2 protein chains.
Amino acid sequence: MEGHRERKKVRTRRALLEAAVRLFSERGYEQTTVAEIAAAADVAPRTFFAYFASKEDVIFLHADDRGQTMLDVIAGRKPGEPLSALLSRMFEALVRSLAEDDELDFALSPLRARLMFAEPALRARGLTLMMEAQPRVAEALCEVYPELDPVSAGAAVGSFMGALAVAGLVAQQQGGSNEDVLTAGRRGIEIAVNGLSSLDGS
Amino acid sequence: MEGHRERKKVRTRRALLEAAVRLFSERGYEQTTVAEIAAAADVAPRTFFAYFASKEDVIFLHADDRGQTMLDVIAGRKPGEPLSALLSRMFEALVRSLAEDDELDFALSPLRARLMFAEPALRARGLTLMMEAQPRVAEALCEVYPELDPVSAGAAVGSFMGALAVAGLVAQQQGGSNEDVLTAGRRGIEIAVNGLSSLDGS
DNA sequence: TGCGAAATTGCAATGTACGTATAAACGCAG
DNA sequence: CTGCGTTTATACGTACATTGCAATTTCGCA
């Protein structure tokens, strides 16, 4: 990890990352071109693609990590731990991994999180990634809960993630802060765990 | 609605639609260019965008209808009908509306459905559209269930749709028939209604 | 210092999407 | 049936993301 070369690479990566998030926040995602990001980071436009596979990748670079976080929590099921408890633990682990996140970043994680919810193109990408991850998560669940059939596991994961996501989305669209979104996510999980019938006592 | 003009427009639209679905099926979505679709329909490339806002729109033209179906079911809440019952009714209405679908199309609905599942780009788009519709559905729920707060409504919709979608997706990925997918969807709803804690009794 | 590997860059090409202006087709009144 | 206004189709041009390829620069190290 030593060497001028490595340090320079890291610096360039950070410069691109910072420039991108700043520009996205200032003028919006669609209104920012890769050329502008490169210019702000003082590299050639072509170089951007040496660091990020696409414009979206600047934001979703760590998406895999969060999937891995979920798989890790599942693999670490405590003896006899019920499904609902495990999933709640999974949510907290996700929040924690989101809060840390930064390896290359610094104070721009909150900005990034806001962008993910606020920009339609990025939101779409995030939801898609989430969806694609769910069958894998369901499969992992099946392994630690042998009595669970695949379809039920999928339903459980989908119900959990869907409640979480849409509750958060609604909170965000109502102008809530990041904290509000988080609280909404917890509320969503609570409802998913207790079941929609728990809302019937209208 | 009479006139040479209108008929020609409809014919061109169908020609583009048919050409697009056929080419997508033959060579794949990404491997087909708008220029090729236009050529196959014997119009200028630019004309394609006079009929469809984007390449994806060829496939997702009726996406709005299904959202409307959901809103209609909600608006028609029977007196005192509990949330969980309404949502179950919504699912059946969705299945029905999916089976009908065609207005401008003809026998290409099955092809279109297959493409939506098979092509990653289109699958992503479909999931995204579903997600984007959910806040509106949640809002509609709030109107007929005044005691429901927006976040809880969002959680309910998300839990419902998520369970449905992922259960179906898992069934589909396991090579299930359309019938199997449908059954899985029903199972997903059941789990969402009863809550994830109902799976705890492992 | 100088060689080889790695990083950076420039250039061209492809493809989606959109704006604009021009030409063609149409419907209708006179 | 002829000319006019409207709608449609088309050609041309632009912006931008993305990729391949080749030239070039920079770096690490002998």
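Just so it is clear: chains get the letters A, B, ... in the order the sequence lines come, proteins before strands, and each one is counted from 1. These numbers were taken from a predicted model, which means no experiment stands behind them.
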**Report entry** Salt-bridge present (A/R22, A/E26; N to O < 4.0 Å)
**Finding:**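 Result for this pair is yes, salt bridge flagged.
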
Pair up each side-chain donor or acceptor in residues 125-135 of chain A with any protein partner under 3.5 Å, not counting sequence neighbours, and list the distances.
{"from": "A/R125", "atom 1": "NE", "to": "A/E56", "atom 2": "OE1", "distance (Å)": "3.2"}
{"from": "A/T128", "atom 1": "OG1", "to": "A/A124", "atom 2": "O", "distance (Å)": "2.9"}
{"from": "A/T128", "atom 1": "OG1", "to": "B/T128", "atom 2": "OG1", "distance (Å)": "3.3"}

Query raised in the report: Distance check: side-chain N/O of A/K9 vs OP1/OP2 of C/dA7, anything under 4.0 Å?
Result: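 Answer yes for this pair, as a side-chain N or O of A/K9 is under 4.0 Å from OP1 or OP2.
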
Donor-acceptor pairs under 3.5 Å, side chain of residues 184-193 of chain B to any protein atom, not counting sequence neighbours: which ones?
{"from": "B/R186", "atom 1": "NE", "to": "B/E92", "atom 2": "OE2", "distance (Å)": "2.9"}
{"from": "B/R186", "atom 1": "NH2", "to": "B/E92", "atom 2": "OE1", "distance (Å)": "3.0"}
{"from": "B/R186", "atom 1": "NH2", "to": "B/E92", "atom 2": "OE2", "distance (Å)": "3.4"}
{"from": "B/R187", "atom 1": "NE", "to": "A/S152", "atom 2": "OG", "distance (Å)": "3.0"}
{"from": "B/R187", "atom 1": "NH2", "to": "A/S152", "atom 2": "OG", "distance (Å)": "2.8"}

Can you name the side chain to side chain donor-acceptor pair (under 3.5 Å) partners of [X], sequence neighbours left out?
X: B/R89; answer: B/E81
X: B/T12; answer: none
X: B/E143; answer: none
X: B/D72; answer: B/Q68

Over how many whole Å does the gap from [X] atom [atom1] to [N] atom [atom2] extend?
X: A/R11; N: C/dT8; atom1: CZ; atom2: C1'; value: 15 Å
X: A/I37; N: D/dA15; atom1: CD1; atom2: C1'; value: 15 Å
X: B/L16; N: D/dA9; atom1: CG; atom2: C1'; value: 12 Å
X: B/F24; N: C/dG15; atom1: CZ; atom2: C1'; value: 13 Å
X: B/R13; N: D/dT7; atom1: CZ; atom2: P; value: 17 Å

Requested in this report: State whether A/F60 and A/R112 meet the cation-pi test: NZ (Lys) or CZ (Arg) under 6.0 Å from the six-membered ring centroid, and within 45° of the perpendicular axis.
Outcome: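 No; the conditions do not both hold, so A/R112 does not lie above the ring face of A/F60.
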
Query raised in the report: Which parts of residues 114-128 of chain A get close to DNA chain C, meaning a heavy atom less than 4.0 angstrom away?
Result: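 Residues of residues 114-128 of chain A that come under 4.0 Å of DNA chain C do not exist, since none gets that close.
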
Report task. Tell me which residues in residues 41-52 of chain B put a heavy atom below 4.0 Å from DNA chain C, sorted by number, or none. Result ->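 Those residues whose heavy atoms fall under 4.0 Å from DNA chain C, taken from residues 41-52 of chain B in numerical order, are B/R46, B/F49.
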
Query raised in the report: Base, backbone or nothing for each nucleotide of nucleotides 22-30 of chain D, written B, S, -, heavy atoms under 4.0 angstrom, 5' to 3'?
Result: ----BBS--

Exercise answer: donor-acceptor pairs, residues 159-171 of chain B side-chain atoms, under 3.5 Å, sequence neighbours excluded:
{"from": "B/S159", "atom 1": "OG", "to": "A/S159", "atom 2": "OG", "distance (Å)": "2.8"}

Query - ring-ring contact (aromatic ring centres under 6.0 Å, His included) pairs, two or more places apart, involving residues 12-45 of chain B - result: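 Sorted result for residues 12-45 of chain B: B/F24-B/Y29.
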
Query - Pairwise side chain to side chain donor-acceptor pair (under 3.5 Å) hits with a residue in residues 37-50 of chain A, at least two apart - result: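 Qualifying pairs: none.
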
